[in-house]
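The structure appears right after this line, and notes come after that.
Nothing fancy with the numbering, it's 1 onward along the sequence.
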Amino acid sequence: MIHITQTAALQLRSLLKEKEAGPNQGLRLAVERGGCAGMQYQMELGTRGDTDEVFGEPGASVVVDAESLAFLDESTLDYVDELTGSGFKIINPRASRSCGCGTSFEPQEETATH
């Protein structure tokens, strides 16, 4: 599950309305190899696919593919507006460390259970 703060939902709703997004579109969150910490976040407006998970509420939805969800499960999408910049921010409990810019992370080692 991806959690979305009220601030992020308001900004996402505004962004989707501004871009005249359709009912099956939302903010697509993905994870790929790269960045200074090993894995990096990708965010773009996208259309929901058949195998994607959708989180949020109508008009403020987040779309995540199954492979990325393994790295993002229980994360929170927030929106920050600070002196150093503004934008969506991912708070990821599955990251063992993140880079200073917040766009890449190192995933936690999975512990095998018997």
Roughly how far apart are E32 CD and E67 CD, rounded to 0.5 Å? 10.5 Å
So which heavy atom on L29 is nearest to which on S68, and how close? O-CB, 4.3 Å
In terms of heavy-atom contacts, does CZ of R13 have more than 12 from other residues, nucleotides or ligands at under 6.0 Å? yes
State, to 0.1 Å, how close V54 and S61 come at their nearest heavy-atom pair, and which atoms those are. CG1-CB, 3.7 Å
For a 4.5 angstrom cut-off between non-hydrogen side-chain atoms, does E53 reach D65? no
Gap between atom OG of S14 and atom NZ of K19 - 0.5 Å precision: 10.5 Å
Passing candidate, side-chain contact (heavy atoms from CB on, under 4.5 Å) with L27, options L12, I4, I2: L12
Atom CD of residue position E74 - does it have more than 12 heavy atoms of other residues, nucleotides or ligands inside 6.0 Å? yes
List the atom of F55, the atom of M1, and the distance in Å for their closest heavy-atom pair. CE2-CA, 3.4 Å
Closest non-hydrogen atom pair, L77 against F88: CD1-CB, 3.8 Å
If only atom types and distance count, is the side chain of Q11 paired as donor or acceptor with the main-chain N or O of A8 below 3.5 Å? no
In Å, rounded to the nearest 0.5 Å, how long is the span from CZ of R28 to CZ of R48? 10.5 Å
Counting distance only, does the side-chain N/O of N92 pair as donor-acceptor with the main-chain N or O of F71 below 3.5 Å? yes
Return the minimal non-hydrogen interatomic distance between D52 and T47, and the atom names on each side. OD2-O, 4.2 Å
Step by step, would you call Y41 with V31 a side-chain contact (heavy atoms from CB on, under 4.5 Å)? CA-CA 5 Å; Y41 301 114; V31 173; 4.3 Å; yes
Closest approach of G59 to L16 (non-hydrogen atoms, all atoms of both residues): O-CD1, 3.5 Å
Rounded distance (nearest 0.5 Å) linking atom CD of E20 with atom CG of L45: 12.5 Å
Working to the nearest 0.5 angstrom, can you tell me the gap between M39 CE and L72 CG? 9.0 Å
Quick one: do V62 and M43 end up in the same hydrophobic cluster if we chain Ile, Leu, Val, Met, Phe, Trp and Tyr together by side-chain heavy atoms under 4.5 Å apart? yes
